Amino acid sequence: MRPARTSAVSPSAGKDAVRRNGATMSSALAKPQMRGLLARRLRFHITAAFIVAVGVASFYKFGVAERRKKAYADFYRNYDSMKDFEEMRRAGIFQSTK
């Protein structure tokens, strides 16, 4: 059930205009879109999220993981565990070995 209008309709303005508080307003204004707002922008948001995710993942792979793998490979290429153990033993780090 629709509420009754309290404004008066001006006979000179025709049936497309309504008088409210002394001003004539046209009812030809576009109605706001209430449906489909999410669906219209959803494809853009999914695409943008996918592009950002791929960008972050590739930055991490090439900027962090590959550098880390290279650093470990360089370190262990010339690493001598026995030499390192002897240096730590001489420094007195281990209490069980003399």
Side-chain angles (χ1 to χ4, degrees):
M1 189 162 147
R2 295 174 71 186
R5 289 191 183 179
T6 58
S7 62
V9 176
S10 171
S12 63
K15 62 181 182 179
D16 288 340
V18 175
R19 181 175 290 262
R20 291 186 182 167
N21 298 331
T24 303
M25 295 176 55
S26 175
S27 65
L29 294 175
K31 291 183 179 180
Q33 181 180 0
M34 302 304 287
R35 296 181 188 206
L37 293 175
L38 179 64
R40 185 175 4 158
R41 308 275 287 166
L42 188 61
R43 183 177 298 143
F44 170 74
H45 289 182
I46 289 175
T47 305
F50 180 76
I51 291 171
V52 168
V54 168
V56 169
S58 62
F59 169 75
Y60 182 80
K61 180 182 182 345
F62 295 112
V64 177
E66 291 295 325
R67 286 184 185 176
R68 189 176 292 167
K69 281 196 270 185
K70 185 179 180 305
Y72 274 106
D74 291 344
F75 176 76
Y76 284 109
R77 184 173 294 126
N78 299 321
Y79 180 69
D80 185 12
S81 62
M82 291 307 295
K83 179 181 168 187
D84 200 25
F85 172 75
E86 290 298 325
E87 288 178 11
M88 288 189 283
R89 191 173 65 89
R90 274 189 253 123
I93 294 175
F94 301 115
Q95 297 176 357
S96 63
T97 62
K98 289 197 176 205

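Numbers here simply count residues along the sequence, with the first being 1. On a predicted model such as this, the values are computed, not experimentally measured, just so you know. For the numbers below, each heavy atom of this structure counts, side chains included, while hydrogens, waters and symmetry mates do not.
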- [ ] Tell me, with the steps shown, if K83 and E86 meet salt bridge (Lys or Arg N to Asp or Glu O under 4.0 Å).
- [x] CA-CA 5 Å; K83 179 181 168 187; E86 290 298 325; over 6 Å; no

- [ ] Return yes when atom CZ of F44 has more than 12 non-hydrogen atoms of other residues, nucleotides or ligands closer than 6.0 Å, and no otherwise.
- [x] no

Open item on the list: Let me confirm one number: the CE-CD distance from M82 to E87, rounded to the nearest 0.5 Å.
Closed with: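 Here the rounded value is 12.0 Å.
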
- [ ] For the pair Y76 and Y79, evaluate ring pair (Phe, Tyr, Trp, His ring centres under 6.0 Å) and give the outcome as yes or no after the intermediate values.
- [x] CA-CA 5 Å; Y76 284 109; Y79 180 69; 5.5 Å; yes

Acceptor/donor pairs from residues 46-61 side chains to any protein atom, 3.5 angstrom cut, sequence neighbours excluded:
| from | atom 1 | to | atom 2 | distance (Å) |
| --- | --- | --- | --- | --- |
| T47 | OG1 | R43 | O | 2.8 |
| S58 | OG | V54 | O | 3.1 |
| S58 | OG | G55 | O | 3.0 |
| K61 | NZ | E66 | OE2 | 2.9 |

